[in-house]
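Quick notes on the structure that follows.
One-based numbering, in listed order, for ligands and for the atoms of each.
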Amino acid sequence: MKVKRLQFDKYGDASQMYIGDYELPGLKPDEVQVKIKAVAINPLDWKQRNGDTKIMMDKHFPKGIGNDFSGTIEAIGTNVVGIKVGDEVFGITEFKRPGAFAQSVITKGNLIVKKPVNISYEEGACLPIPYTTAWAALYLKGNIQQGSKVLINGCSGAVGQAAVQLALAKEAIVVGTCGGSSIEEVKAAGVKTVYDYGKDDVLEVSQEKYDVIFDTSGKINVGKAIKRLNRNGKFIDINPTFSRILKGFFTGKYKMVFATNGLKFLPQIAQYAGEGKIFQKVGNVNAFADVIDAITELESGKRNKGRTVLSFEKN
Ligand SMILES: NC(=O)c1ccc[n+]([C@@H]2O[C@H](COP(=O)([O-])OP(=O)(O)OC[C@H]3O[C@@H](n4cnc5c(N)ncnc54)[C@H](OP(=O)(O)O)[C@@H]3O)[C@@H](O)[C@H]2O)c1
């Protein structure tokens, strides 16, 4: 089956993206084919396109773009159970084979879950990367409990908001940092102590110690942050670089986390979303035809209120 999808022929900047025809391969036994309704933009989309993650991608070109999606099941591999054609789902593509900005996409059957009926396709598409990452960071690696003291550096972004909600769901004590224009929103989400990273260095203005420091932005000073952990505290990094790893690794407190560490929790994430415990605020909803402009805008650093989502229902 031929679909229109966003793709690129070689790694590079935003000018490499185009909407082209793509012949979907035959379905393997453990795969499903999903007719796309909505796709959320994540920074990973441009990191995969510009080659930052090329070591983890398959070798074939053209490559698709887009990871987090929602839609309806179109076809089911022979080994996939518990789902039928027409079911409403959200999920994620395989890391090595993105391509959700498309009329239809193929992914593994264990990378989709049924969409709760009380959330929209747009809301469902916003869930996978932020919540699998935050779940793995705070619940799996951070092992936070009621009363744990958690610093979330960059608590207003997609992963940061997910982390705030998951930390508060455990009744942890949350301290956050964000830009000045996000402070009111973050406070409304329940973070009582918020620092504006543009004005204050959170590690200087307070001498607080933490059980977990979760740096979503990759901007905190790793060495300084690790000194501010309690005895069994953990520093959790989702933007590891060689020098950050070097500063943290030998302390035993530095943990790297990837969204893939949390994929097995997609069913619990769907349950939390259905119960209203977690949600991402949807901002701009654009038509598929506008996908290149929408990605380019966010990639160039523009911050919108709420997540940017591409909808296939919109013309
Ligand atoms: N390892 C993984 O598997 C994984 C998974 C998901 C994301 N990531 C990476 O994690 C990063 C965040 O992703 P996202 O989707 O949450 O992005 P996002 O929505 O753009 O959020 C970025 C966050 O960083 C904050 N920020 C910007 N500059 C800062 C600074 N100097 N100090 C502290 N906070 C600062 C922003 O605050 P304001 O908006 O208030 O200015 C915002 O809260 C991206 O680099 C992404 O690629 C990695």
Side-chain angles (χ1 to χ4, degrees), residues 40-53 55-56 65-68 92-96 98 125-138 140-141 151-166 174-189 191 194-205 213-222 224-225 235-241 244-245 254-263 265 269 280-284 294-295 297-309:
I41 299 178
N42 287 283
L44 181 61
D45 300 331
W46 57 82
K47 292 183 179 182
Q48 286 173 327
R49 188 214 60 226
N50 69 24
D52 282 4
T53 62
I55 194 163
M56 289 171 278
I65 303 175
N67 294 269
D68 286 355
I92 185 167
T93 50
E94 280 181 275
F95 190 96
K96 64 176 182 195
C126 291
L127 296 172
I129 288 182
Y131 288 93
T132 54
T133 306
W135 195 290
L138 297 184
L140 197 63
K141 299 278 168 108
L151 169 62
I152 302 170
N153 190 50
C155 68
S156 52
V159 179
Q161 284 179 47
V164 166
Q165 292 165 10
L166 292 178
V174 181
V175 175
T177 71
C178 64
S181 63
S182 309
I183 286 182
E184 288 316 312
E185 204 176 314
V186 163
K187 284 192 170 161
V191 184
V194 187
Y195 296 96
D196 174 350
Y197 64 72
K199 288 191 185 146
D200 296 317
D201 177 344
V202 61
L203 301 176
E204 295 289 346
V205 288
I213 297 179
F214 179 23
D215 183 17
T216 78
S217 75
K219 301 273 170 62
I220 213 164
N221 180 311
V222 176
K224 226 158 110 181
F235 177 85
I236 299 172
D237 195 3
I238 57 171
N239 293 281
T241 59
R244 285 167 69 81
I245 296 168
Y254 176 90
K255 305 277 169 206
M256 266 182 274
V257 163
F258 299 98
T260 44
N261 300 128
L263 291 177
F265 303 109
I269 289 165
Q280 294 258 296
K281 201 167 151 228
V282 176
N284 294 346
I295 293 175
E297 184 182 87
L298 292 180
E299 186 176 0
S300 68
K302 182 154 188 286
R303 293 280 293 138
N304 295 326
K305 287 280 169 221
R307 300 287 304 283
T308 301
V309 177

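If you look at I238 next to ligand 1, the close heavy atoms, those under 4.0 Å, come from the backbone and the side chain alike. With a 4.0 Å cut-off on non-hydrogen atoms, K47 touches ligand 1 through its side chain and not its backbone. Under 4.0 Å from ligand 1, heavy atoms of V159 appear from its side chain as well as its backbone. If you look at S156 next to ligand 1, the close heavy atoms, those under 4.0 Å, come from the backbone and the side chain alike.
With respect to atom 11 (C) of ligand 1, the closest heavy atom belonging to the protein is T216 O, 3.2 Å. Among all non-hydrogen protein atoms, the one lying nearest atom 24 (O) of ligand 1 is S217 CB, 3.5 Å.
Side-chain atoms of N153 and S217 form a donor-acceptor pair, as typed in the model, at a separation below 3.5 Å. In this structure, a donor-acceptor pair under 3.5 Å is present between the side chains of Q48 and N67. A donor and an acceptor atom, one from each side chain of N42 and D68, are located under 3.5 Å apart.
In this structure, R307 has no salt bridge (charged side-chain N to carboxylate O under 4.0 Å, His left out) partners at least two apart in sequence or on a different chain.
When N239, D45, I220 are ranked by how near their heavy atoms come to atom 44 (C) of ligand 1, first place goes to N239.
For the ligand labelled ligand 1, residue T260 lies outside the 4.0 Å heavy-atom shell.
Ligand-side atoms of ligand 1 in range of P43: 13 (O), 15 (O), 17 (O), 44 (C), 46 (C), 47 (O), range being under 4.0 angstrom from any heavy atom.
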